[in-house]
Amino acid sequence: MTDRYAVIGNPIAHSKSPLIHAAFARETGEDLSYGRILGSLAGFEDEARGFFADGGRGLNVTVPFKERAWALVDARSPRAETAGSVNTLIPVPEGGLRGDNTDGVGLVRDLVANQGFRFVGSRVLLLGAGGAARGVLRPLLETGLAELVIANRTASKALDLAGSAAGLGPVLGCGLAELELIAGGGFDLILNATSAGLGGTVPTLPEACVRPDGWVYDLFYGDEPTPFCRWGDRRGAARVLDGLGMLVEQAAESFWLWRGHRPSTAPVIEMLRRLG
Ligand SMILES: NC(=O)c1ccc[n+]([C@@H]2O[C@H](COP(=O)([O-])OP(=O)(O)OC[C@H]3O[C@@H](n4cnc5c(N)ncnc54)[C@H](OP(=O)(O)O)[C@@H]3O)[C@@H](O)[C@H]2O)c1
């Protein structure tokens, strides 16, 4: 019988996950279907549990339910624990649900395996202190980077987030305004995990943040270059990337957790770029 998977969120019609997982299933020969579920704000927990009670084999969870999925599960991976959010639900054979968060490993794998970025010894700037920033924190701190600066419009949130991860690696938090003092010779990598791009804007950053050999990566993605990618191009960053690769890599990690097969991601990223 075909195994059933789905992504649950609200809104959900725009989700590319069904396309991505269908491509993974074709490539690996796995017999599965993957649909979209429009979750309701009042009933997410019942809908998620109901999916598994009806024989569903795995769920991805997206906005705005990732934090509620964290609270729903019976066990969590360490990276989901740190993230405070869950994007992958896995039924445990003995009963109950295990939650994982594959966003951070997706980001790191896109940068390292697909793009060839070397984290060891690097200075990295993470912009934003919301769900996405928290989600990628632990995998970033496990890369061997020399320093991670979290900068946020609301400084207190960056300080809190950095404080919560202090035992995991070299991390400090600040407000965007303080970056002038902290930027020094600039960063090897600037990650935009703010939602500013949704409104067509970019966080205001001092010029000194971008080094000529530095990379710029926007977790946001779209059919057109994102405002932050355009900003990186204008500042002369050595490489400018958007978050489409991260999207596909986080899906591949979920697929691996569910099926025990690691699909090829490059053809899927290419397909999504072509489709726009
Ligand atoms: N590629 C992927 O697979 C992937 C996965 C997850 C998320 N994402 C992307 O990550 C982004 C952030 O999502 P999220 O869930 O973390 O959102 P969120 O929890 O709502 O957090 C938003 C963050 O952006 C900051 N911000 C918003 N507008 C800003 C502006 N105009 N200038 C400066 N900072 C601003 C907020 O700062 P304050 O605290 O000051 O309000 C906050 O830190 C979204 O674009 C999302 O699409 C991509």
Side-chain angles (χ1 to χ4, degrees), residues 7 9-12 14-21 60-70 79-80 82-88 100-111 114-115 125-140 149-162 164 173-179 190-206 209 216-231 240-255 265 268-269 272-273:
V7 57
N10 187 334
I12 200 62
H14 67 288
S15 173
K16 295 182 195 294
S17 293
L19 207 59
I20 296 172
H21 282 277
N60 280 134
V61 181
T62 188
V63 178
F65 300 125
K66 289 184 185 185
E67 285 79 15
R68 284 167 67 175
W70 185 92
R79 63 195 182 197
T82 309
S85 64
V86 154
N87 76 342
T88 307
D100 206 333
N101 188 314
T102 64
D103 281 337
V105 74
L107 170 68
V108 170
R109 199 163 287 146
D110 188 36
L111 273 158
N114 298 341
Q115 308 296 341
L125 173 61
L126 176 63
L127 299 170
R134 182 176 290 279
V136 300
L137 196 49
R138 188 178 187 117
L140 278 176
V149 176
I150 304 173
N152 192 47
R153 182 174 61 181
T154 310
S156 59
K157 288 194 202 166
L159 290 166
D160 287 350
L161 188 53
S164 74
C174 67
L176 292 175
E178 278 96 71
L179 272 177
I190 303 178
L191 298 163
N192 179 31
T194 75
S195 53
L198 290 168
T201 61
V202 296
T204 309
L205 296 185
C209 288
V216 161
Y217 191 110
D218 194 355
L219 274 64
F220 189 49
Y221 55 86
D223 306 345
E224 304 281 315
T226 68
F228 196 70
C229 286
R230 288 202 299 270
W231 176 89
V240 175
L241 301 159
D242 73 10
L244 191 70
M246 170 182 171
L247 176 77
V248 175
E249 292 296 341
Q250 62 78 28
E253 183 75 6
S254 295
F255 193 88
T265 49
V268 181
I269 296 171
L272 293 179
R273 290 263 181 240

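Atoms within each ligand, like the ligands themselves, are counted from 1 in listed order. Because the structure is predicted, anything quoted here is derived from the model rather than measured.
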For atom 1 (N) of ligand 1, the option (of L107, L247, L219) bearing the nearest heavy atom: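 Closest candidate by heavy-atom distance is L219.
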N87, N152, D242, V136: member with heavy atom nearest to atom 43 (O) of ligand 1: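 The nearest heavy atom belongs to N152.
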Closest approach of any protein heavy atom to [atom], naming residue and atom:
atom                    : result
atom 11 (C) of ligand 1 : T194 O, 3.3 Å
atom 19 (O) of ligand 1 : G131 N, 3.0 Å
atom 40 (O) of ligand 1 : T154 OG1, 2.5 Å
atom 47 (O) of ligand 1 : F220 CD1, 3.7 Å
atom 41 (O) of ligand 1 : R153 NH2, 2.9 Å
atom 14 (P) of ligand 1 : A132 N, 3.7 Å
atom 22 (C) of ligand 1 : S195 OG, 3.3 Å
atom 12 (C) of ligand 1 : A193 O, 3.4 Å

Sub-3.5 Å N/O-N/O distance, [X] and ligand 1:
X    : answer
P203 : no
D103 : no
Y221 : no

Could you go through D110 and Y217, starting from their C-alpha distance and side-chain angles, then the distance that decides it, and tell me whether this counts as side chain to side chain donor-acceptor pair (under 3.5 Å)? CA-CA 10 Å; D110 188 36; Y217 191 110; 2.7 Å; yes
Enumerated ligand 1 atoms positioned under 4.0 Å from heavy atoms of [X]:
X    : value
G128 : 43 (O)
G130 : 16 (O), 19 (O), 21 (O), 43 (O)
T201 : 31 (N)
G243 : 1 (N)
K157 : 38 (P), 39 (O), 41 (O)
A129 : 43 (O)

Strictly by modelled atom types, are S85 and E67 linked by a side-chain donor-acceptor pair under 3.5 Å?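 Side chains of S85 and E67: no pair found under 3.5 Å.
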I'd like to check atom 35 (C) of ligand 1 in this structure: does the protein have a heavy atom lying under 4.0 Å from it?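 When distances to the protein are checked, atom 35 (C) of ligand 1 has a heavy atom within 4.0 Å.
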Can you give me the closest heavy-atom contact between [X] and [Y], atom names plus distance?
X    : Y    : answer
P225 : R230 : O-NH1, 2.9 Å
V61  : V86  : CB-O, 3.7 Å
A162 : G173 : CB-N, 3.4 Å
C209 : L179 : SG-CD1, 4.2 Å
L161 : A133 : CD2-CB, 4.0 Å

Using 4.0 Å as the upper bound for N to carboxylate O, is an ion pair formed by D103 and R134?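 Between D103 and R134 there is no salt bridge, as every charged N stays at least 4.0 Å from the carboxylate O atoms.
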Should E253 and R109 count as an ion pair when the cut-off is N to O under 4.0 Å?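 Yes.
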Check if G197 has a non-hydrogen atom at a distance under 4.0 Å from any atom of ligand 1.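 Per 4.0 Å heavy-atom rule, G197 does not contact ligand 1.
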Full working for side chain to side chain donor-acceptor pair (under 3.5 Å) between T226 and D242: CA-CA 7 Å; T226 68; D242 73 10; over 6 Å; no
Residue pair N60, S17: steps toward the side chain to side chain donor-acceptor pair (under 3.5 Å) verdict: CA-CA 9 Å; N60 280 134; S17 293; 4.9 Å; no
